[in-house]
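Worksheet: one structure, shown below.
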Amino acid sequence: QVQLVESGGGLVQPGGSLRLSCAVSGFTSDDYAIAWFRQAPGKEREGVSCISSRDDRTYYTNSAKGRFAISRDNAKNAVYMEMIRLTPEDTAVYYCAATLRGWGPWCSTPRAFDYWGQGTQVTVSS
């Protein structure tokens, strides 16, 4: 059974940085994609970044480009997202999700993802 467990959220001042981690387990296929989504109060869940399990293909939403970096460590069964220059608009619950479709144009679409973590809160505030 696929399981995803996020960690690394917290309170950070504007301009600060955080690294989110997603511990991944239970995959029987080596072709999948892991994405980070976020959901702020009163807003729809938004795809932030996505990475292929097989190669270096990645996706970023426009607001994340240049500030966020997704990476994976297959030996540690983990996916990370480094976030810099955080703003209050980045405040949300961040979710790690997995799709067995592999990497593709669906990487920003929540309904394309089969498995979800429990979420980790990121709050950017002074």
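Bear in mind the structure is a predicted one, so any value in this text is a computation, not a measurement.
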Note to self: Tell me if the aromatic rings of F68 and Y60 count as close, with their centers under 6.0 Å from one another.
What the structure shows: no

Note to self: Is it the case that the side chain of T120 and the backbone of S7 share a donor-acceptor pair, with hydrogens and angles ignored and the cut-off at 3.5 Å?
What the structure shows: no

Check: Would you call E46 and S63 a side-chain contact if the rule is heavy atoms closer than 4.5 Å?
Finding: yes

Notebook entry, point to check: Just how far is it from atom CD of E82 to atom OG of S49, taken to the nearest 0.5 Å?
Noted result: 11.5 Å

Check: Just checking, R38 and Y94: is the charged tip under 6.0 Å from the six-membered ring centre and within 45° of the axis?
Finding: no

Next item on the list: Kindly indicate whether the side chain of R67, heavy atoms from C-beta on, has any atom under 4.5 Å from the side chain of T87.
Entry: yes

Notebook entry, point to check: Do any N or O atoms from the side chain of N74 and from the backbone of N77 form a donor-acceptor pair under 3.5 angstrom?
Noted result: no

Next item on the list: Tell me whether the centres of the aromatic rings in W103 and Y32 are closer together than 6.0 Å.
Entry: no

Margin query: I'd like to know if V93 and L86 are part of one continuous hydrophobic network [Ile/Leu/Val/Met/Phe/Trp/Tyr, side-chain heavy atoms within less than 4.5 Å].
Written below: no

Check: Cation over ring, R45 on Y95, under 6.0 Å and within 45°?
Finding: yes

Margin query: Using a 3.5 Å distance criterion without hydrogens, assess whether the side chain of T109 forms a donor-acceptor pair with backbone atoms of R111.
Written below: no

Note to self: For a quick test of reading the model, state the closest non-hydrogen atom pair linking A98 to F113 and the distance between them.
What the structure shows: C-CD2, 3.4 Å

Checklist line | Smallest separation among heavy atoms of F37 and C107, with atom names | finding: CZ-O, 3.9 Å

Note to self: Counting C-beta onward and ignoring hydrogens, is there a side-chain heavy-atom pair between W116 and C96 closer than 4.5 Å?
What the structure shows: no

Next item on the list: Could you point out which residue of L20, D90, V48, V124 forms a side chain to side chain contact (heavy atoms under 4.5 Å, CB included) with M83?
Entry: L20

Next item on the list: Run the salt-bridge test on R101 and D114 with the 4.0 Å N-O cut-off and return the result as yes or no.
Entry: no

Next item on the list: Can you measure from CE (M81) to CD1 (I70) and round to the nearest 0.5 angstrom?
Entry: 7.0 Å

Note to self: A quick test of your reading: do over 12 heavy atoms of other residues, nucleotides or ligands sit less than 6.0 Å from CD of E44?
What the structure shows: no

Next item on the list: Decide yes or no on side chain to side chain donor-acceptor pair (under 3.5 Å) for E89 and T91, but give the supporting numbers first.
Entry: CA-CA 5 Å; E89 288 70 35; T91 295; over 6 Å; no

Check: Less than 4.5 Å apart, any side-chain heavy atom of L4 and any of I34?
Finding: yes

Notebook entry, point to check: Can Y80 and C22 be said to form a side chain to side chain contact (heavy atoms under 4.5 Å, CB included), step by step?
Noted result: CA-CA 6 Å; Y80 308 100; C22 176; over 6 Å; no

Item checked: Closest contact, heavy atoms only, D31 versus S29 -> N-OG, 3.0 Å

Check: Out of curiosity, does W36 fall in the hydrophobic cluster containing L18 (side-chain heavy atoms, cut-off under 4.5 Å, transitive links)?
Finding: yes

Notebook entry, point to check: Would the number of heavy atoms belonging to other residues, nucleotides or ligands and lying under 6.0 Å from CG of D56 be above 12?
Noted result: no

Item checked: Residue pair D30 / S53: nearest heavy atoms and the distance that separates them -> O-OG, 2.7 Å

Note to self: So V12 and T123, do their side chains get closer than 4.5 Å, heavy atoms only?
What the structure shows: no

Notebook entry, point to check: E6 side chain to G119 main-chain N or O, any donor-acceptor pair under 3.5 Å?
Noted result: yes

Checklist line | For A33 against C50, the heavy-atom pair lying closest together | finding: CB-SG, 3.9 Å

Checklist line | Verify same cluster id: Y115, I51 (apolar side-chain graph, 4.5 Å) | finding: yes

